[in-house]
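All remarks here apply to the structure that follows.
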Amino acid sequence: MKILGINSSPRGRNSRTLTLVEAVLDGAKERGAETELVDLRALDIQYCLGCQVCYAEGECVLDDDLSEVWEKMMDADGIVLGSPVYINGVTAQLKTMVDRLADAIHCQMLVGKYGCAVTTAGSSGISEVLSYMNYFLNQLGAVTVGEAGAAIGRDPAAINAAITKAFNLGQTLADAIQTERHYAEQESAIAERGAFFRQLVKANKEAWRHQYEFWMEKGWM
Ligand SMILES: Cc1cc2nc3c(=O)[nH]c(=O)nc-3n(C[C@H](O)[C@H](O)[C@H](O)COP(=O)(O)O)c2cc1C
């Protein structure tokens with residue numbers, strides 16, 4: 001069982017969000033998972049150009065580190081997303097990665113995987129950012145097992161409770177993967193979204209050749 005943590009704070013080792021990503025990975029490790037951490041700020045990931053070449057060819061025209069991160073995501077059974085709250089949203093580093101994965105969303109490439117989200121903030125935007133990250137994983141087809149966050153502006157010690165929660169979240173993530181736990185509500189929302197993308201891809205099958213072929217090869221169309 002492999003679990004990948006992705007932190008998107010630009011603050012490297014000083015990132016408080018990193019502490020939570022690492023706590024999730026520690027919890028998962030304690031349940032026997034093999035873990036890996038990706039620090040997005042250390043990578044060269046360029047903005048999506050919106051050219052839609054990936055829809056047709058299955059390959060991005062940009063030659064940068066996104067493909068390496070995506071391979072790790074595809075290789076993992078579980079994915080932990082971490083972002084601090086930046087103006088009530090995720091960091092530009094994470095959003096840049098997210099925008100590059102529209103093709104993967106259309107193809108529902110993370111169906112069968114599990115994930116979760118962690119954040120830190122001064123005071124606001126925690127639920128918005130956690131919901132966004134888990135929703136993004138759902139959009140890719142993965143189910144999410146929970147979240148952990150802390151507002152630490154006024155009370156830096158609030159990180160401690162969040163670390164405990166994040167550690168437990170890591171255990172939950174690993175347990176869910178090992179037991180193939182079902183999340184009925186999310187699964188039905190994912191199925192509904194999948195049906196939408198099936199129609200969309202079919203309607204655009206000439207222009208979005210790669211996506212149509214992907215759905216056909218999977219036997220989903
Ligand atoms: C550009 C910027 C925007 C921020 N926006 C918010 C915000 O909207 N709400 C909030 O409560 N904290 C905000 N913060 C504070 C960070 O979310 C907080 O310091 C967080 O713990 C940083 O995480 P990190 O150490 O992992 O980078 C912002 C900080 C920066 C630098």
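All heavy atoms count here, side chains included; hydrogens, waters and symmetry mates do not. Whatever order the structure lists them in is the order used to number ligands and atoms, beginning at 1.
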- His106 ring center within less than 6.0 Å of Tyr55 ring center: yes
- Message: Any non-hydrogen side-chain atom of Lys218 less than 4.5 Å from a side-chain atom of Glu213?
- Response: no
- re atom 19 (O) of ligand 1, the protein heavy-atom contact at minimum distance is Arg16 NH2, 3.0 Å
- heavy-atom search around atom 29 (C) of ligand 1 in the protein gives Tyr86 CE1, 3.7 Å
- Query: Side chains of Trp208 and Leu200: does their closest heavy-atom pair fall under 4.5 Å?
  - Reply: yes
- How far is atom 21 (O) of ligand 1 from its nearest protein heavy atom, and which residue and atom name does that atom have? Thr120 OG1, 2.7 Å
- Quick one: does Lys113's side chain have a donor or acceptor within less than 3.5 Å of a partner on Met74's backbone? yes
- Query: If you count the atoms of ligand 1 from 1 in the order shown, which ones are under 4.0 Å from a heavy atom of Ser15?
  - Reply: 24 (P), 25 (O), 26 (O)
- Would you say Ser123 touches ligand 1, if touching means a heavy atom closer than 4.0 Å? yes
- ligand 1 to Gly122 polar contact by distance, N or O atoms, under 3.5 Å: yes
- Message: Just to confirm my output: which protein heavy-atom neighbour is closest to atom 22 (C) of ligand 1, and how far is it?
- Response: Pro84 CB, 3.6 Å
- Item | Closest to atom 5 (N) of ligand 1 among Val129, Thr91, Ile87, Ile159 (heavy-atom distance) | Ile87
- Nearest protein heavy-atom contact for atom 6 (C) of ligand 1: which residue, which atom, what distance? Val85 O, 3.3 Å
- Item | Pro10 and Thr91, any side-chain heavy atoms less than 4.5 Å apart | yes
- Task: Answer side chain, backbone, both or neither: which part of Asn7 comes under 4.0 Å from ligand 1, heavy atoms only.
- Result: neither
- Message: Within ligand 1, which atoms have a heavy atom of Ile152 less than 4.0 Å away?
- Response: 21 (O)
- Query: Heavy-atom contacts under 4.0 Å between Arg11 and ligand 1: side chain, backbone, both, or neither?
  - Reply: side chain
- Task: If you have a sec, work out which protein heavy atom is nearest atom 27 (O) of ligand 1 and how many Å separate them, to one decimal?
- Result: Ser9 OG, 2.6 Å
- Query: Is it true that Glu34 and Lys29 have a side-chain N and a carboxylate O under 4.0 angstrom from each other?
  - Reply: no
- Message: Quick check on Asp44: does its CG atom have over 12 non-hydrogen neighbours (other residues, nucleotides or ligands) under 6.0 Å away?
- Response: yes
- Message: Can you confirm whether Glu59 is buried at CD, in the sense that more than 12 heavy atoms of other residues, nucleotides or ligands lie under 6.0 Å from that atom?
- Response: no
- Item | Derivation and outcome, side-chain contact (heavy atoms from CB on, under 4.5 Å), residues Cys116 and Thr144 | CA-CA 5 Å; Cys116 64; Thr144 58; 5.6 Å; no
- Task: Return the residue, atom name and 0.1 Å-rounded distance of the protein heavy atom closest to atom 9 (N) of ligand 1.
- Result: Ser124 OG, 2.9 Å
